[in-house]
Number of protein chains: 2
Amino acid sequence: MDRSARAEAGEDDKADGRAAVLEAAARAFMQDGYAATSIDDVAGLLGATKGRVYYYYRSKADLFFDVHRESMRQNMEGAGRIALEDAPALDRLERMVRAHALLMMTHLPFQRVSVLGVEMHLAGSTTPRQRKTLNEIVELRDAYEQRFVDVISQGIAEGAIRPLDVKMVVRGLLGALNWITVWYRPREGETDADRARMADELTTYLINGLRRDEA
Amino acid sequence: MDRSARAEAGEDDKADGRAAVLEAAARAFMQDGYAATSIDDVAGLLGATKGRVYYYYRSKADLFFDVHRESMRQNMEGAGRIALEDAPALDRLERMVRAHALLMMTHLPFQRVSVLGVEMHLAGSTTPRQRKTLNEIVELRDAYEQRFVDVISQGIAEGAIRPLDVKMVVRGLLGALNWITVWYRPREGETDADRARMADELTTYLINGLRRDEA
DNA sequence: GTCTATACTAGGATAGAC
DNA sequence: GTCTATCCTAGTATAGAC
């Protein structure tokens, strides 16, 4: 997708190899879960063997972490940044919600793995180095959620959104959206318009519950 | 909790032993995930060894399945049944939503394991017998979701709910509610009232988005 | 960079004593 | 019913050839 952007970067060769491994890992984890996925499975998706995987990543846990980090990056870049634009809060929020919904579908492997949680699979069994990475990821996620909290707070201040428990509502909102990764599977011949329709339907519902009634 | 109800049943001894193992398994799976949980871990929570666990369950997968089945039973019994009562659809729906939210908190170990999914962990590696059980569980879940679909459809017919894509909205609704198992952790000294407040806040938001505007 | 060994361990499952 | 002892496979990670 953003291949052309990186193509001029120079260090493409190494980065591409690594990215390919990461992509394969995301797909494997999505399908079977963390522990049920073997390094052989990941290599298999690449038409390669373990050696390749271990050349780029020193452990399975590191691979897993990187899938999470990448998905957080996608979210921040795709939806989080909208929070900082200059527009009415409710408009921004609506576009953030729609963008997040679409991200869940278009980047399903990464997003599904991320949604199912880090803590779940690596409780305890981490090295200090990995612990640090884990903390970074949690911070990224918190920062992302905070964007939603901020925009909704602004919407309340602007009078477009009724007063409510912002933190609780953000949890509900993101839960509804993240849940997409649980039920969504791309269908044969599905178009962008199909996905847009699903995202719109959800967005309408979730935004509607926030509006200050003015009908 | 429902100890006294079963106390007169007679076959209590065997059932209780089994239930204790199941409870321990739910807690273990919740904490570490399916694959990262060893049978020794489950036994450890009971202050016992493998032997006890294998006496009641023939495999780890069977244990996992039973956690799912139990959580589905809790949902149907606690929230699903409300769908069949005799009252305006929107009233029933509101109570179903609140009940489901509370179930997520009060039965967290079972519910969290269930939410994180069956397919995820046991893709492929199942015996025919287990495959059958798996299908039963999926059917239970579908039947439960259908209750929500039905009630919302009735609400639309009654004119209390605006016309919308019912299936999509149910996915959003249950996603927001199931997500509770991801962020919720019981806090020291937390009361029923605290949990009720959280459930109410979410319920208000999620029901609000469905209402036909009549302000 | 990528492969083919191979070492090493964790953990599911079973047999049989008590 | 519950335990201990044991078998056995799967799968992470590494070493070293190519």
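Residue numbers start from 1 in every chain, and the chains themselves are labelled A, B, ... in the order their sequence lines are given, proteins ahead of strands.
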Colleague: Can you tell me the distance, in whole Å, between the CG atom of B:Leu63 and the C1' atom of C:dG11?
Modeller: 15 Å
Colleague: Heavy atoms from C-beta onward define the side chain here; which of C:dG12, D:dT12, C:dT2 lies closest to that of B:Tyr54?
Modeller: C:dG12
Colleague: Quickly work out the A:Arg52 CZ to D:dT12 P distance and round it to whole Å.
Modeller: 18 Å
Colleague: Can you tell me if B:Tyr55 touches the phosphate of D:dT2, counting only side-chain N or O atoms and a distance under 4.0 Å to OP1 or OP2?
Modeller: no
Colleague: Using whole Å, report how far CZ of A:Phe64 lies from P of D:dG11.
Modeller: 17 Å
Colleague: Just to verify, which of A:Val149, A:Leu164, A:Leu206 counts as forming a side-chain contact (heavy atoms from CB on, under 4.5 Å) with A:Val169?
Modeller: A:Leu164
Colleague: Given the structure, check if the side chain of B:Lys60 and the base of C:dG11 hold any donor-acceptor pair shorter than 3.5 Å.
Modeller: no
Colleague: Among D:dC3, D:dT12, C:dT14, which nucleotide has an atom closest to any side-chain atom of A:Asp40?
Modeller: D:dT12
Colleague: Taking atom P of C:dC8 as reference, at what distance in whole Å does atom CD1 of A:Ile39 sit?
Modeller: 20 Å
Colleague: Taking atom P of D:dA15 as reference, at what distance in whole Å does atom NZ of A:Lys50 sit?
Modeller: 14 Å
Colleague: For A:Ser38 and D:dA10, is the shortest distance between a side-chain N/O and OP1 or OP2 below 4.0 Å?
Modeller: no
Colleague: Where does the angle between the aromatic ring planes of A:His100 and A:Tyr144 fall among parallel (under 30°), tilted (30 to 60°) and perpendicular (over 60°)?
Modeller: parallel
Colleague: Can any side-chain N or O of B:Arg92 pair as donor or acceptor with the backbone N or O of B:Ile82 at less than 3.5 Å?
Modeller: no
Colleague: Can you find a side chain N or O atom of A:Tyr56 that sits less than 4.0 Å from OP1 or OP2 on C:dT2?
Modeller: yes
Colleague: Show the numbers, then the answer: is there a side chain to side chain donor-acceptor pair (under 3.5 Å) between B:Thr203 and B:Asp200?
Modeller: CA-CA 5 Å; B:Thr203 303; B:Asp200 283 343; 5.1 Å; no
Colleague: Under 4.0 Å: is that the gap between some side-chain N or O of A:Thr49 and OP1 or OP2 of C:dC3?
Modeller: yes
